[in-house]
J.: 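Before anything else, here's the structure in question.
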Amino acid sequence: MEQVRVGFAFCGSFCTYDQVMPALERAKARYGDVTPIISEKSAETDSRFGPAHEFIREMERICDKRVIDTIPKAEPIGPKKLLDVLIIAPCTGSTLSRLANGMSDTSVTMAAKAMWRNGRPVVVAVSTNDGLAGSAKNIAALLDKKHVFFVPYRQDDPVGKPTSLVADFTKINDTVDAAIQGRQLQPLLLGPA
């Protein structure tokens, strides 16, 4: 496989970071050139899952690059064509809404805008408690958008959280490979884990 320049963007959904960090390591091992991106809110929010600065330090260690954490730092991705594919993992309901409505008001959504400007793929790994409620319309809008590819996902707790969806983060690299070829990895909707 030829060199693929990957952006790996984190936004919220702190409870899935323990699943996403190994996915970042697998992406780095597979593609080599991985740029970490984090939303401003995630970069400044400490949660019960850990302090933000520790997540940032770990992303920078894995990627051996500084994190892009502001809109001005993300903006050159488009004009300079710095990435071949962008992964947004985890992608929260808030980010889904921004993407579906063409907003570029965070470092992550600015990076996505930059990719679409150049006709390049954005791989979305959804992780939201309202995927089958308020975010459903945004998922539908993005499924119909050119250059958007979803990591296969499922309900993570159909009884306890019946509207919650989460991507199978182990399928990120396979989704990236398919997206580079212009196709959606199937099946998109996964059965119970």
J.: Nearest 0.5 Å, please: how far is CZ in R30 from CG in D177?
T.: 4.0 Å

J.: Is there a path of hydrophobic side-chain contacts, each under 4.5 Å between heavy atoms of I/L/V/M/F/W/Y residues, joining V4 to V122?
T.: no

J.: Quick one: which of D105, T106, N138, T109 gives a side chain to side chain donor-acceptor pair (under 3.5 Å) with R98?
T.: D105

J.: Linking I/L/V/M/F/W/Y whenever any side-chain heavy atoms sit under 4.5 Å apart, do L96 and L189 land together?
T.: yes

J.: May I ask you to check whether over 12 heavy atoms, not counting those of K65, lie within 6.0 Å of atom NZ?
T.: yes

J.: Are M115 and I88 connected in the hydrophobic side-chain network, where two residues link if heavy atoms are under 4.5 Å apart?
T.: yes

J.: Atom CZ in F8, atom CG in L83: separation rounded to 0.5 Å?
T.: 13.0 Å

J.: Take atom CG in D174; do more than 12 heavy atoms of anything else shown fall under 6.0 Å from it?
T.: yes

J.: Between D130 and T163, does any side-chain donor sit less than 3.5 Å from a side-chain acceptor?
T.: no

J.: So which of T128, D157, N129 actually passes side chain to side chain donor-acceptor pair (under 3.5 Å) with S164?
T.: N129

J.: Taking it one step at a time, do E54 and R61 satisfy salt bridge (charged side-chain N to carboxylate O under 4.0 Å, His left out)?
T.: CA-CA 10 Å; E54 287 184 14; R61 181 197 66 75; over 6 Å; no

J.: Kindly indicate, with the supporting measurements, whether the criterion side chain to side chain contact (heavy atoms under 4.5 Å, CB included) is fulfilled by M21 and M59.
T.: CA-CA 8 Å; M21 285 300 184; M59 287 183 270; 3.7 Å; yes

